[in-house]
Trainee: 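Dumping the structure here so I can ask a few things about it.
Heavy atoms only: backbone and side chains are in, while hydrogens, waters and symmetry mates are out. In listed order, ligands and their atoms are each counted from 1. Because the structure is predicted, anything quoted here is derived from the model rather than measured.
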Amino acid sequence: MNPESQDTARSSTPETIPAISFAHQRDEAAERRKEYPFRFPADLRQLGGKYSVAENSRRLLRFFYFERRLMQALGAWTLSIPEFEVKLETGRHIFYHADAARLLRERLNEQEARQKEIDQFRDQQIDRFIEEMLSANSACELLVGVHRVLGHALEMAYRHHLDDTDQVTDVPTIRCLRRILIDYEPMLQWADAAILAYVEGGVAEAPLASWRWHLQRLLASIGGVTGSDVRTESPTPLRTDSKAFLRGTVPLRDVRFDTFKNTGDYDAADAQERFPKDSYENLRLRFIRTQRDEVDAIEAFGTFIWHIRFKDFQSEHNLARITWDEARHTEIGHRALLACGYDPFELLNRLTGSTCRGTMEPAFAMA
Ligand SMILES: [Fe+2]
């Protein structure tokens, strides 16, 4: 139990805790101490932090909610990201946020909140921010909102929390946040580099800066990630004021890809055979191409997370884990094609698995 949880009223004179020592015991202890030969490293952490247990939980619950919402939010965009590298990386990030949510949820459950209360927690102001962030006009704008605005704000909030919480009693929270930051560091570094690559590749920088400014003001208007910062006025208008966010239904691919969806058979799509049917070489290439084309599975499971959002946390987490696996399968396929001597983009990309993520009912698409 955190000693700070006792919200006793403080009187104007500092409270002293009476300590009653018996002289002989104290002297004997001093004598025994002299006999003790070991000088172990001193642990300099101090007892006492800035938060009561209730305030600690309130902050962690917001962190949990932001992470859960980020997992779902990125899922909604998996079809609409054209750039292969960004789609793949986003498949990974979905799991990073899911797993951050899992760690925070476990820690909250150890504190005072019950699992059901944690899972049923909703915050309309955070939802409004997430929906606005999702109303990005491009994948690059999405990265700006998700990483440059919200991701950086969360990282900073975690670092502040690490410094401000009780260094002795709240070690499980410290360990939880440090583990989350292990994923955050490479994720945010990658996002900064990716946004720079978009700009260097011709995406106009000023609208990105405006979008960042807009979302930062919106986040500030709800008191930032913790809800405890001074609240500023909300920017107007929001994109979601005139048009609610609706996920894309078309599987987008960047210009390097040529695609087909008329058949599941690669030889039929190519209109010629590379290797004799049923030969080992034919099967091997089909297997590797299928792995690369599991880029459609990132879209399938990402979209599915969005559709089942808030139904059951464990199911959302399981789907996020699968989405991460599909990102790995995709990159294994891509690299294996390179290792076989192909330019992976010379091989047509099969879209049959992606097209059903469009307008079809999610349960049918999943089936
Ligand atoms: Fe897979």
Trainee: Look up atom CG in L60 and atom CG in L103, then write down how far apart they are to the nearest 0.5 Å.
Mentor: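 Output value for this atom pair is 11.5 Å.
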Trainee: Restricting to N/O/S, name the atom of H329 that gets closest to the Fe ion (ligand 1).
Mentor: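 This turns out to be ND1.
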Trainee: Can you name the nearest heavy-atom pair linking H214 to P237, along with the distance?
Mentor: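 Where H214 meets P237 most closely, the heavy atoms are CE1-O, 3.6 Å.
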Trainee: Does the ring center of Y158 lie less than 6.0 Å from the ring center of F63?
Mentor: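 Yes: the rings meet the under 6.0 Å criterion.
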Trainee: In Å, rounded to the nearest 0.5 Å, how long is the span from CZ of R148 to CD of E141?
Mentor: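 Interatomic distance, R148 CZ to E141 CD, rounded to 0.5 Å: 13.0 Å.
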Trainee: Got an N, O or S from E294 under 2.8 Å of the Fe ion (ligand 1)?
Mentor: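 A backbone or side-chain N, O or S atom of E294 is under 2.8 Å from the Fe ion (ligand 1).
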Trainee: Give the atom name of whichever N/O/S atom in E326 sits closest to the Fe ion (ligand 1).
Mentor: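 Looking at E326, the N, O or S atom with the least distance to the Fe ion (ligand 1) is OE1.
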